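I have placed the structure first, in the form of structure tokens, so that the comments after it can refer back to it.
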Amino acid sequence: MNKITAAITAVGAYVPDFVLSNQVLETMVDTNDEWITSRTGIKERRILKDADKGTSYLAIKAAEDLIAKANLNPLEIDLVLMATATPDMQVSATGAYVATQIGATNAFAYDLQAACSSFLYGMSTAAAYIESGRYKKVLLIGADKMSSIVDYTDRTTCIIFGDGAGAVLFEPNFEGLGLQDEYLRSDGIGRDFLKIDAGGSLHPTTIQTVEEKRHNIRQDGKTVFKYAVTNMADASEQILKRNNLTNEDINYLVPHQANKRIIDATASRMNLEESKVLMNIERYGNTTSATLPLVLNDFEHLFKKGDTIIFAAFGGGFTWGSIYLKWAYNKK
């Protein structure tokens with residue numbers, strides 16, 4: 001029997017309609033389009049304005065898009081992995097609700113949280129389930145409603161984040177396509193540099209924590225940038241070395257969309273030409289768990305069966321890594 005590999009066989013995505021442009025942000029905080037663009041590469045981001053809709057809404061929409069495009073029966077899905085840093089609520093798994101709402105009632109589901117590396121880690125998890133031979137269809141969704149945790153008076157964070165969701169389906173492959181290798185890392189030194197301080201077990205919610213805005217995301221931008229540039233590039237370089245790959249072997253780099261300068265540094269370390277580096281950060285900003293699948297969805301038309309794709313991400317915690325995958329299909 002040929003070895004089972006885990007291949008992506010379908011993608012889907014969803015972004016809200018409302019566009020928060022740099023020009024609009026100029027009216028909200030002390031910033032401007034030139035400053036934001038030169039430092040991040042972001043021009044606009046999508047925001048889910050409905051107060052009664054959470055991350056699950058984005059995830060359901062992305063999953064439904066995939067299901068429709070792939071003509072997939074939700075009852076055939078074995079597992080739903082929900083990669084997110086902004087679950088609808090604590091304790092009650094958002095993934096379980098999403099699975100039920102999309103009709104995947106034969107699946108079990110749970111949430112996976114590794115900040116901006118959540119989807120990358122989710123790819124590893126989904127692949128392990130497929131490679132075990134125990135499950136045939138694993139739906140991995142990356143979704144975040146970052147606007148729910150952003151302080152729109154904090155110009156260091158509100159310019160970066162947006163809302164969105166993307167989904168991929170992993171299935172067994174017997175042609176050697178799909179996930180080939182992974183290099184995943186973490187370092188708890190990052191705990192203090194990118195976080196939401198209150199609302200967890202360490203600092204439970206109080207009137208004081210709310211008044212002090214300790215439930216919003218905060219980051220030490222310079223420190224996070226330094227670690228992200230170094231580690232995302234290092235991980236990508238390591239995955240190439242381990243698999244004896246050169247820049248000529250790589251068809252595309254799918255990087256986490258946090259900052260264009262971080263992406264450029266990673267591509268430079270890999271010696272990749274610009275056409276091989278896929279970016280949509282200009283239109284969506286950093287959607288955290290959704291960046292990688294949104295890139296896949298936007299550029300799916302470019303991918304050919306057998307293409308070599310390198311994924312890279314860096315997130316809070318710190319968490320980071322790189323994945324080497326061979327694309328498994330041509331878009332119809």
Side-chain angles (χ1 to χ4, degrees), residues 15-16 18-49 55 58 83-86 113-120 142-166 190 192-197 213-232 255-266 278-295 298 312-320:
V15 291
F18 182 82
V19 176
L20 178 59
S21 66
N22 290 348
Q23 286 72 24
V24 173
L25 279 173
E26 288 177 2
T27 69
M28 299 166 62
V29 290
D30 182 17
T31 191
N32 61 71
D33 174 65
E34 191 279 329
W35 193 92
I36 297 171
T37 304
S38 64
R39 285 163 178 76
T40 69
I42 302 168
K43 284 288 189 181
E44 57 189 38
R45 59 293 290 144
R46 300 298 185 94
I47 303 296
L48 181 59
K49 298 290 283 186
T55 294
L58 302 168
T84 185
T86 55
Q113 205 283 84
C116 292
S117 300
S118 295
F119 192 86
L120 190 78
D144 272 302
K145 184 182 179 182
M146 294 303 292
S147 62
S148 67
I149 58 173
V150 166
D151 174 7
Y152 283 95
T153 66
D154 175 16
R155 67 175 182 174
T156 65
T157 56
C158 72
I159 65 169
I160 299 169
F161 296 103
D163 303 338
D192 293 327
F193 302 120
L194 178 55
K195 63 181 178 178
I196 294 177
D197 184 55
K213 295 186 176 181
R214 291 169 63 191
H215 297 266
N216 295 115
I217 190 168
R218 303 292 179 194
Q219 73 168 352
D220 177 339
K222 289 183 179 179
T223 301
V224 173
F225 180 84
K226 180 182 70 174
Y227 275 93
V229 166
T230 301
N231 289 314
M232 209 163 106
H256 171 52
Q257 311 284 302
N259 185 300
K260 187 177 183 296
R261 289 187 293 169
I262 297 172
I263 296 171
D264 289 343
T266 302
L278 304 184
M279 281 188 280
N280 55 16
I281 188 172
E282 180 177 293
R283 292 183 289 128
Y284 302 138
N286 183 353
T287 55
T288 306
S289 306
T291 62
L292 298 182
L294 281 175
V295 170
D298 281 0
F314 181 89
F318 289 130
T319 60
W320 72 93

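For this chain, numbers begin at 1 and follow the sequence in order. Keep in mind that this is a model prediction, so the values were computed, not measured.
Scored by the salt bridge (charged side-chain N to carboxylate O under 4.0 Å, His left out) test, Lys213 finds Asp151 as partners (sequence neighbours excluded). Qualifying side chain to side chain donor-acceptor pair (under 3.5 Å) partners for Thr288, counting only residues two or more places apart in sequence or in other chains: none. For Thr156, the side chain to side chain donor-acceptor pair (under 3.5 Å) partners two or more places apart in sequence, or in a different chain, are Asp154.
For the atom pair CG (Asn22) and CH2 (Trp35), the distance works out to 11.0 Å, reported to the nearest 0.5 Å. Residue Ser21 holds its OG atom at 8.5 Å from CG of Asp33, rounded to the nearest 0.5 Å. Taken to the nearest 0.5 Å, the OG1 atom of Thr230 stands 9.0 Å off from the CZ atom of Phe314. Atom CD1 in Ile196 sits 7.5 Å away from atom CG in Asn216 (nearest 0.5 Å). Rounded to the nearest 0.5 Å, atoms CG (Asn32) and OG (Ser38) are 8.0 Å apart. Rounded to the nearest 0.5 angstrom, Thr157 OG1 and Ile217 CD1 are separated by 7.0 Å.
The aromatic rings of Phe193 and Phe318 lie parallel to each other, their planes meeting at an angle below 30°, with 60° marking the opposite boundary.
Minimum heavy-atom separation, Gln257 to Ile281: OE1-N, 3.1 Å. Closest approach of Met146 and Thr86 over heavy atoms only: SD-CG2, 3.9 Å. Closest approach of Ser147 and Leu48 over heavy atoms only: OG-O, 4.2 Å. Ala115 approaches Gly316 most closely through the heavy-atom pair CB-N, 3.3 Å. Contact between Ile159 and Arg45 at its shortest, heavy atoms only, is O-NH2, 2.7 Å.
Inter-residue side-chain proximity for Pro255 and Met232 is flagged as met; some heavy-atom pair is nearer than 4.5 Å. Taking 4.5 Å as the limit, some side-chain heavy atom of Lys43 sits within range of a side-chain heavy atom of Thr37.
Comment: Arg155 engages Asp30 in a salt bridge, judged by a side-chain N to carboxylate O separation of less than 4.0 angstrom.
No donor-acceptor pair closer than 3.5 Å links the side chain of Thr55 to the backbone N or O of Ala143.
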Take Asp144 and Thr287 through the side-chain hydrogen bond (donor to acceptor under 3.5 Å, both in side chains) test and state the conclusion after the steps.
CA-CA 6 Å; Asp144 272 302; Thr287 55; over 6 Å; no
